[in-house]
Amino acid sequence: VAVYSCPVLSAEPPANFAPLWQHPTVLAVEEHGAAGGFGSFLKELAPPGVQVQICAIGKETFALVGSQAFLRQQAGLDGEGLAEMAARLV
């Protein structure tokens, strides 16, 4: 298990993501919808044999209003939700 952060995506060369491909499963966390984000980008780059799972805000919580902590909890993007998701993937 490893944690990588990419808060800003610019014109990064694909080789910069090589450390991710050492893992059979990569969990991409998106604080917005799943389509067209960083997880989608990683799915395009991932070599055969590497599975990219995206954990993002779903339709059921997309229109909620509240603090960042509340919204993360509702979408399963808080520490507990992410730990549960990661545990299911290993």
Side-chain angles (χ1 to χ4, degrees):
V1 174
V3 176
Y4 296 89
S5 177
C6 188
V8 177
L9 182 61
S10 59
E12 298 289 331
N16 287 2
F17 299 100
L20 295 175
W21 314 140
Q22 298 174 26
H23 307 280
T25 304
V26 173
L27 175 60
V29 179
E30 307 267 7
E31 284 193 293
H32 49 79
F38 186 60
S40 296
F41 173 72
L42 291 177
K43 280 188 172 198
E44 290 180 21
L45 289 180
V50 175
Q51 178 183 10
V52 177
Q53 293 290 320
I54 302 172
C55 187
I57 295 175
K59 294 177 198 172
E60 61 281 347
T61 56
F62 206 75
L64 291 177
V65 176
S67 69
Q68 188 176 36
F70 171 77
L71 295 172
R72 283 179 177 169
Q73 187 272 328
Q74 292 296 305
L77 298 179
D78 60 347
E80 184 178 326
L82 294 174
E84 289 175 10
M85 170 68 85
R88 286 195 299 267
L89 296 175
V90 292

Undergrad: Does one hydrophobic cluster hold both W21 and F41, with members joined at side-chain heavy-atom distances below 4.5 Å?
TA: yes

Undergrad: Measure the spacing between CG of L82 and CG of L27 and express it to the nearest 0.5 Å.
TA: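 Reported value, rounded in 0.5 Å steps: 6.5 Å.
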
Undergrad: Which atom pair, heavy atoms only, marks the closest approach of A28 to G39?
TA: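 Taking A28 first and G39 second, the nearest heavy atoms are CB-CA, 3.6 Å.
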
Undergrad: State which residue, out of T61, L77, L64, V65, fulfils the side-chain contact (heavy atoms from CB on, under 4.5 Å) condition with L71.
TA: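 Among T61, L77, L64, V65, the one that satisfies the side-chain contact (heavy atoms from CB on, under 4.5 Å) with L71 is L64.
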
Undergrad: So, for G37 and E30, which heavy atoms are closest and what is the spacing to 0.1 Å?
TA: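 Closest pair (atom of G37, atom of E30, distance): C-OE2, 3.4 Å.
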
Undergrad: Over 60° means perpendicular and under 30° means parallel, so classify the ring planes of F17 and F38, tilted if in between.
TA: tilted

Undergrad: Give every residue pair that meets the side chain to side chain donor-acceptor pair (under 3.5 Å) criterion with at least one member in residues 72-82, sequence neighbours excluded.
TA: E31-R72

Undergrad: Any side-chain heavy atom of Y4 sitting closer than 4.5 Å to one from V26?
TA: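 No, too far: nothing below the 4.5 Å cut-off.
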
Undergrad: If I compare all heavy atoms of K43 with all of I54, which pair ends up nearest, and what's the gap?
TA: CE-CD1, 4.0 Å

